[in-house]
Amino acid sequence: MSIIEGAIKFMHSGFSEYKELFKNLSKSQNPHTLFIGCSDSRVVPSLITSTLPGELFVVRNIANIVPKYRLKDEYLASTSAIVYAIMSLKVENIVICGHSDCNGCAAIYDDKKLQNMPSVARWLEQLNEVKNEILNSNSSADERGWLTERLCVLQSMENIRTYPQVNEREKNGLLRIYGWHYIIQTGEVYSYENEEFILLNKGRK
């Protein structure tokens with residue numbers, strides 16, 4: 001099915017399933033969660049979280065990176081979206097979701113992959129500390145992928161706490177921050193708790 005055919009199918013049949021929901025959402029939105037994920041086509045936030053339209057405010061970029069908070073005379077796409085979600089939408093949760101087999105995370109170890117994509121290479125420079133930590137560790141080549149993906153999530157969790165808006169709301173108990181690692185081939189989701197990634201189960205909220 002082409003992308004055009006998919007849109008036509010949605011208008012004629014798919015929309016009807018959520019007709020009342022979209023009617024209620026037509027004038028405003030009130031998402032409970034800011035979901036920061038990778039642009040990877042295999043990562044589908046609403047599918048992973050079993051959520052409906054209107055529940056998630058989604059920010060996606062290569063390797064699900066949260067830049068450190070800064071104010072500069074440039075276009076700050078991810079930063080401005082995060083601030084908007086916190087200040088305007090008053091989200092109650094932030095999920096930073098990395099995933100297995102992340103090409104962005106893998107590319108930081110292969111300069112040839114990025115030589116014709118200077119903007120991507122520049123973006124991924126934010127993972128230099130993660131890269132150096134992995135290269136200076138005793139991890140094997142097989143372990144490197146998952147370790148990089150998880151350290152990227154942890155770095156982004158640190159970075160998002162540099163946002164004064166996030167910091168204030170978290171300290172006041174108005175915001176919860178989660179770090180996830182989604183495994184594409186199994187559908188498993190690991191959450192960072194007590195300094196380790198633990199498989200989510202029905203006992204957690």
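- A donor-acceptor contact shorter than 3.5 Å links the side chain of S156 to the backbone of V66.
- Side chain of Q155 to main chain of Q126: a donor-acceptor pair is present (N/O by atom type, distance under 3.5 Å, no hydrogens or angles).
- Applying the side chain to side chain donor-acceptor pair (under 3.5 Å) criterion to T79, with sequence neighbours excluded, gives R70, Y163.
- Shown are W146, Y182, Y192; of these, the ring pair (Phe, Tyr, Trp, His ring centres under 6.0 Å) with F197 is made only by Y192.
- Using a cutoff of 4.0 Å between basic side-chain nitrogens and carboxylate oxygens, E168 and K171 are not scored as salt-bridged.
- Between N64 and I36, the shortest heavy-atom distance links the atoms CB-O, 4.2 Å.
- Atom OH of Y18 has 12 or fewer neighbouring heavy atoms from other residues, nucleotides or ligands inside a 6.0 Å radius.
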Apply the test side chain to side chain contact (heavy atoms under 4.5 Å, CB included) to residues S88 and F57: give CA-CA distance (whole Å), side-chain angles for both, the deciding distance (0.1 Å), then the verdict. CA-CA 11 Å; S88 182; F57 188 79; over 6 Å; no
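- For the pair D40 (side chain) and R42 (backbone), a donor-acceptor distance under 3.5 Å is present.
- Remark: side-chain polar atoms of K90 are paired, donor with acceptor, to backbone N or O of M87 under 3.5 angstrom.
- Placement of L25 and V91 in two distinct hydrophobic clusters is found when ILVMFWY residues are connected by side-chain heavy-atom separations under 4.5 Å, directly or transitively.
- Ring pair Y178/W180 is tilted by interplanar angle, where 30° to 60° counts as tilted.
- When every heavy atom of L147 is checked against every heavy atom of S139, the shortest pair comes out as CD1-CB, 3.4 Å.
- Between the side chain of T162 and the main chain of Y69, a donor-acceptor pair closer than 3.5 Å is present.
- Note on L76 and V59: separate hydrophobic clusters, where clusters join Ile, Leu, Val, Met, Phe, Trp and Tyr whose side-chain heavy atoms are under 4.5 Å apart, directly or indirectly.
- The backbone N or O of G14 lies less than 3.5 Å from no partner atom in the side chain of E17, so there is not a single donor-acceptor pair.
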Pair I94, I86 - check side chain to side chain contact (heavy atoms under 4.5 Å, CB included), show working. CA-CA 9 Å; I94 297 176; I86 299 300; 3.8 Å; yes
Before giving the answer on side chain to side chain contact (heavy atoms under 4.5 Å, CB included), spell out for I198 and S191 the whole-Å C-alpha distance, their side-chain angles and the decisive distance to 0.1 Å. CA-CA 5 Å; I198 301 173; S191 180; 5.8 Å; no
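- Paired with H181 under the rule side-chain hydrogen bond (donor to acceptor under 3.5 Å, both in side chains), one option of E188, H99, E149 passes, and it is E149.
- Although no hydrogens or angles enter the test, the distance criterion places a donor-acceptor pair under 3.5 Å between the side chain of N128 and the main chain of E125.
- Checking side-chain atoms of R60 against main-chain N and O of F35 turns up no donor-acceptor pair under 3.5 Å.
- No side-chain N or O of R161 forms a donor-acceptor pair with one of N167 less than 3.5 Å apart.
- Hydrophobic clustering, with ILVMFWY side chains joined whenever heavy atoms are under 4.5 angstrom apart, groups Y109 together with I62.
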D101 vs Q185, test: side chain to side chain contact (heavy atoms under 4.5 Å, CB included). Steps then yes/no. CA-CA 9 Å; D101 301 296; Q185 55 267 46; 3.5 Å; yes
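- The closest donor-acceptor contact from the side chain of S16 to the backbone of S13 lies under 3.5 Å.
- T33 places none of its side-chain heavy atoms less than 4.5 Å from the side chain of E55.
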